[in-house]
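Only a predicted model underlies this, so the values are computations on that prediction, with no experimental measurement involved. Count residues from 1 along the sequence. Counting starts at 1 for both ligands and their atoms, following the listed order.
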Amino acid sequence: MTSPSGSAASLQALPPLRRDPAPLERVFSGVQPSGLPHVGNYLGAFRNYIAMQDGHDAIYCIVDYHALTSTHDGEAIRRNTHEMALGLLALGLDPERAVLFRQSDRPEHLELMWLFASVTPVTWVERTPSFKDKKRSQPDDINHALLTYPILQAADIAVYNARYVPVGKDQAAHLELAREIVRAFNTRYGDIFVEPQAVFTDSPIVRGTDGGAKMSKSQGNTIDIFGDEADIRKQVMGMVTDTQRIKRTDPGRPEVCNVCQLHRFFSPTDYETIWDGERTARTGCVDTKRLLSERMLDFFAEARERRRELEARPGYVEDVLQAGAARLAPVAAETMRICYDAAGLGPRA
Ligand code: TRP
């Protein structure tokens, strides 16, 4: 873990989330309600969510406000929010140790976003890579919220004055912008917020089954964690391997083969043997993929079982989300009080 990068003078007094003897460093992350979590979500970020719930004040959020920038299907947002929360809980997010909540249950995020918007130059958001990508991928819906997206993301983190933000590498630019926005706010109003730092896993970029683009729902190149076994096997068997290995007898190159790279994680004790089989053409791509699908199903067996258990408990997910938002209410209220006071909004304190 890296050392602190800023001070949090005025917000040090935020109510602690739990009564630990010493205050813990705060962690925040958000995930879009894109439906079922996939292997890229897990390797890139969720395993850090779970690891960081110990020893930190960890807060995790399903960002449904952010989802509005790309979908206006209300039913889908609600269903996918539930599904993502259920998946996280099944993967080991423990509501006793961390807070899980739905962004739209804490509208202070939007209030703080407005204050942040007022110190963010338009040029900063216009040049954000994700905005440029969206202009290309949804040319008929370049809505204003897309431009404001990273400002809301900065506010998400700052409402709780979080220092560490576990995310995939694709979020690096958003985190850099969040730091700049917080710095701009602090410059104007005093040292109110700590500058948040991204925390990456050792596999911060996970390529999809096409072997090229990062694994993401919108690319249609995911390996699902909670899908049917047959579907997961099909996704793995359809993976692109080393494109230069054409004949079965050609030697493979594990360094470039996405299947071999995933074995590094899912076969931690014998991936080198697996790689060696590829290099010497002792094994074929099909063997290596079949083994990967077995290893993945083993790895996620417990989570898949837990998801089935939790799914059978009516109202459980909703209760967790609402309890999470309620626990955060005093923290969010205190942040807004400090910020309104500094910005001259509302009656003088
Ligand atoms: N933009 C993030 C993503 O697509 C989601 C997100 C929203 C987020 N707010 C956040 C991540 C705050 C970290 C912190 O993955």
- Set of side-chain hydrogen bond (donor to acceptor under 3.5 Å, both in side chains) partners for Asp156, sequence neighbours left out: Gln103, His109
- Item | Ring centres under 6.0 angstrom apart (Tyr42, Phe46) | no
Could you go through ligand 1 and list every pair where one of its N or O atoms sits under 3.5 Å from a protein N or O, giving the atom names and the distance to one decimal?
{"from": "ligand 1", "atom 1": "1 (N)", "to": "Tyr149", "atom 2": "OH", "distance (Å)": "2.7"}
{"from": "ligand 1", "atom 1": "1 (N)", "to": "Gln153", "atom 2": "OE1", "distance (Å)": "2.9"}
{"from": "ligand 1", "atom 1": "1 (N)", "to": "Gln171", "atom 2": "OE1", "distance (Å)": "3.0"}
{"from": "ligand 1", "atom 1": "4 (O)", "to": "Tyr149", "atom 2": "OH", "distance (Å)": "3.2"}
{"from": "ligand 1", "atom 1": "4 (O)", "to": "Gln171", "atom 2": "NE2", "distance (Å)": "3.4"}
{"from": "ligand 1", "atom 1": "9 (N)", "to": "Asp156", "atom 2": "OD2", "distance (Å)": "2.7"}
{"from": "ligand 1", "atom 1": "15 (O)", "to": "Gln171", "atom 2": "NE2", "distance (Å)": "3.4"}

- Where Ala342 and Ile192 come nearest, the two heavy atoms and their spacing: CB-CD1, 3.8 Å
- Task: Tell me, please, which residues at least two apart from Asp202 pass side chain to side chain contact (heavy atoms under 4.5 Å, CB included).
- Result: Arg47
- Query: Would a distance-only check, ignoring hydrogens and angles, find a side-chain to backbone donor-acceptor pair under 3.5 Å from Asp73 to Glu75?
  - Reply: yes
- Residue pairs, two or more places apart or on separate chains, that pass salt bridge (Lys or Arg N to Asp or Glu O under 4.0 Å) and touch residues 336-349: Glu334-Arg337
